[in-house]
Amino acid sequence: MSRNRERAIETVDKALAQGETMPPADMLFSYRGVLYPATLSSPETLEALKSFEARSDDVILAGYPKTGTNWLDQMLRELESADARYTEEEMKERMDAEKKLELSVRLEFGDPGMYERMKRLPSRRIIVTHLPPHLLPPSFFQSKAKILVLVRNPKDTAVSYYHFYNKMPLLPSFSSWDEYFAAFMNGKLTWGSYFDHTVEWNKHSDHENIMLISYEELQEDQVLGMKKIAAFFGFSLSEEDFSRIAKKTSFQAMKEKSHETHGKFGDILFRKGVVGSWRELFSKAQNEEMDRKFEECLGGTKLAAMMKYDVYCKA
Ligand code: A3P
């Protein structure tokens, strides 16, 4: 089992069980105007996060929920360990350290004391977050830490998040797709507005320590995508490593192992894993509304070109 996985499964399984009996009104809390799941985080944790100290060799992954963060998280871990060439013993030591420190799978999950414990993690730390730039600790940008930002087209992200919201016991369900669609467009979901996130990250896209990659690009040619990521982080891997990792992190392979890697959460997470499933739910009016909003927020940007909005999102 990969680093920190056992602990992650325990935490998420516990949160899922708590969610089963929780009244919907208690499931979320708001911090600086954004909603979060109460079973996984707290205002105290988010307050403590401000003083988190990034290291220059931290490997950071940021992405709005449902953009494929679990997929890229797994890829990054594989790329980092292939580059580091850890021995079995070193790997075990790293896993034990993470387990002992009781860390969480996302930077913003867990207890406020977690950030102190994270100081004891050996380098290179792999840090994953759904937070947008303005809610991240200032040290992320002051250090030389590199941040890989994952984006996915808004229509597939919206559909993926809809199914997730309705299947996750720790999030309040929506009674219909139409009700959910309005919430997505108005940013009334956990981690806030997709558009705010994406617009904010786009502003950082030319920063030397930030690299943007899209879910669509990784679907088109995963090996090429991983080569770009490896070059960005300075990882050195062989052709064989890249093809081994691509096989190991294919949707089918990850879904088959999901009980081992993600526990019960795996059944919710690995849904379809394709580009274009938005066509099953969007009405003509919703499609047009999304096209207008995307154009208004991101039309003509590098990011829009990268996710190939015109190819994957036009009816
Ligand atoms: P769908 O709901 O469209 O299937 P996140 O990890 O950020 O929560 O994103 C979840 C989305 O990534 C889900 O999309 C999930 O199926 C997809 N995903 C997970 N693993 C994947 C993989 N190995 N290849 C492609 N897509 C994957």
Side-chain angles (χ1 to χ4, degrees), residues 2 4-5 8-9 11-12 15-16 36-37 40 60-79 104-109 126-132 148-168 170-171 174 177 180 184 189-192 194 197-198 201 212-226 229 242-282 307 312-313:
S2 71
N4 206 21
R5 268 294 156 208
I9 292 174
T11 315
V12 176
L16 290 177
Y36 298 92
L40 297 172
I60 301 169
L61 166 63
Y64 186 77
K66 313 321 292 170
T67 50
T69 35
N70 282 277
W71 182 26
L72 193 47
D73 179 0
Q74 186 61 36
M75 260 184 250
L76 263 185
R77 282 171 202 282
E78 298 287 346
L79 292 169
S104 289
V105 282
R106 297 288 173 266
L107 181 67
E108 59 273 27
F109 291 173
I126 295 177
I127 296 172
V128 186
T129 180
H130 293 308
L131 294 172
L148 178 64
V149 179
L150 175 63
V151 295
R152 185 181 190 185
N153 81 66
K155 294 182 183 174
D156 284 334
T157 305
V159 168
S160 181
Y161 214 177
Y162 171 61
H163 291 292
F164 190 75
Y165 242 85
N166 279 1
K167 281 194 213 143
M168 263 308 248
L170 50 88
L171 295 174
F174 283 92
W177 158 254
Y180 163 84
F184 183 89
L189 299 176
T190 42
W191 283 275
Y194 166 94
H197 267 246
T198 318
W201 278 121
L212 263 55
I213 192 139
S214 71
Y215 179 88
E216 291 74 16
E217 194 179 344
L218 288 166
Q219 283 277 15
E220 280 176 10
D221 189 339
Q222 192 184 333
V223 168
L224 183 63
M226 289 194 296
I229 295 169
F242 285 117
S243 67
R244 174 183 55 80
I245 297 172
K247 267 195 209 112
K248 199 171 168 186
T249 57
S250 73
F251 181 77
Q252 216 40 48
M254 284 185 70
K255 191 178 166 77
E256 270 162 27
K257 279 196 101 179
S258 70
H259 277 236
E260 197 186 311
T261 55
H262 291 78
K264 289 189 194 116
F265 177 62
D267 293 335
I268 301 170
L269 177 68
F270 298 97
R271 197 184 62 91
K272 285 203 161 179
V274 296
V275 180
S277 77
W278 62 269
R279 291 171 198 280
E280 292 160 21
L281 280 173
F282 272 68
M307 63 170 70
Y312 292 122
C313 288

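Both counts, for ligands and for their atoms, begin at 1 and track the order of listing. Note: hydrogens, waters and symmetry copies are ignored here, and every other heavy atom, side chains too, is used.
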Any N/O of Ser160 closer than 3.5 Å to an N/O of ligand 1? yes
Nearest-option assignment for atom 3 (O) of ligand 1, heavy atoms, candidates Gln219, Arg152, His130, Met75: Arg152
Determine the interplanar angle of the Tyr180 and Tyr162 rings, folded into 0 to 90°, and report it as parallel if under 30°, tilted if 30 to 60°, perpendicular if over 60°. tilted
Per-atom contacts, ligand 1 versus Thr67 - under 4.0 Å to a heavy atom: 7 (O), 9 (O)
Numbered atoms and elements of ligand 1 in range of Tyr215, under 4.0 angstrom, heavy atoms: 17 (C), 25 (C), 26 (N), 27 (C)
Any heavy atom of Ser250 under 4.0 Å from ligand 1? The part involved is backbone
Please confirm whether Tyr215 and Trp71 have ring centers closer than 6.0 angstrom. yes
Over 60° means perpendicular and under 30° means parallel, so classify the ring planes of Tyr165 and Phe174, tilted if in between. tilted
Gly68 heavy atoms, cut-off 4.0 Å: which ligand 1 atoms fall inside? 5 (P), 6 (O), 7 (O), 9 (O), 12 (O)
Rounded distance (nearest 0.5 Å) linking atom CE of Met75 with atom CZ of Phe242: 12.0 Å
How far is atom 15 (C) of ligand 1 from the closest protein heavy atom, and which atom is that? Leu269 O, 3.4 Å
Side chains of Gln222 and Thr249: is there a donor and an acceptor less than 3.5 Å apart? yes
Between His259 and Asp267, do the side chains contain an N or O donor and an N or O acceptor separated by less than 3.5 Å? yes
Backbone N/O of Ser214 and side chain of Glu217: donor-acceptor pair under 3.5 Å: yes
Considering Tyr64, Tyr161, Phe251 one by one, which has a heavy atom nearer to atom 21 (C) of ligand 1 than any of the others? Phe251
Under 4.0 Å from a heavy atom of Asn70: give me the atoms of ligand 1 that qualify, with their elements. 5 (P), 6 (O), 8 (O)
If you scan protein heavy atoms around atom 8 (O) of ligand 1, the nearest is Lys66 NZ, 2.8 Å
Counting only heavy atoms not in Lys167, do more than 12 sit closer than 6.0 Å to its NZ atom? yes
I need the atoms of ligand 1 closer than 4.0 Å to a non-hydrogen atom of Lys272, numbered in the order shown. 4 (O), 16 (O)
With a 4.0 Å cut-off on heavy atoms, is Thr249 touching ligand 1? yes
Below the 3.5 angstrom mark, is there an N/O of Gly273, backbone or side chain, next to an N/O of ligand 1? yes
Measure from atom 24 (N) of ligand 1 to every heavy atom in Tyr162, Phe265, Trp71 and give the option owning the shortest one. Trp71
Working to the nearest 0.5 angstrom, can you tell me the gap between Leu76 CG and Thr69 OG1? 11.0 Å
Can you tell whether the side chains of Asp156 and Lys272 come within less than 4.0 Å, N to carboxylate O? no
What protein heavy atom is closest to atom 7 (O) of ligand 1, reported as residue, atom name and distance in Å? Thr69 OG1, 2.5 Å
In terms of atom number and element, which parts of ligand 1 are under 4.0 angstrom from non-hydrogen atoms of Met254? 23 (N)
Evaluate the ring planes of Tyr194 and Tyr64, with Trp represented by its six-membered ring, and classify them as parallel (under 30°), tilted (30 to 60°) or perpendicular (over 60°). perpendicular
Nearest protein heavy atom with distance in Å, relative to atom 20 (N) of ligand 1: Phe270 CE2, 3.4 Å
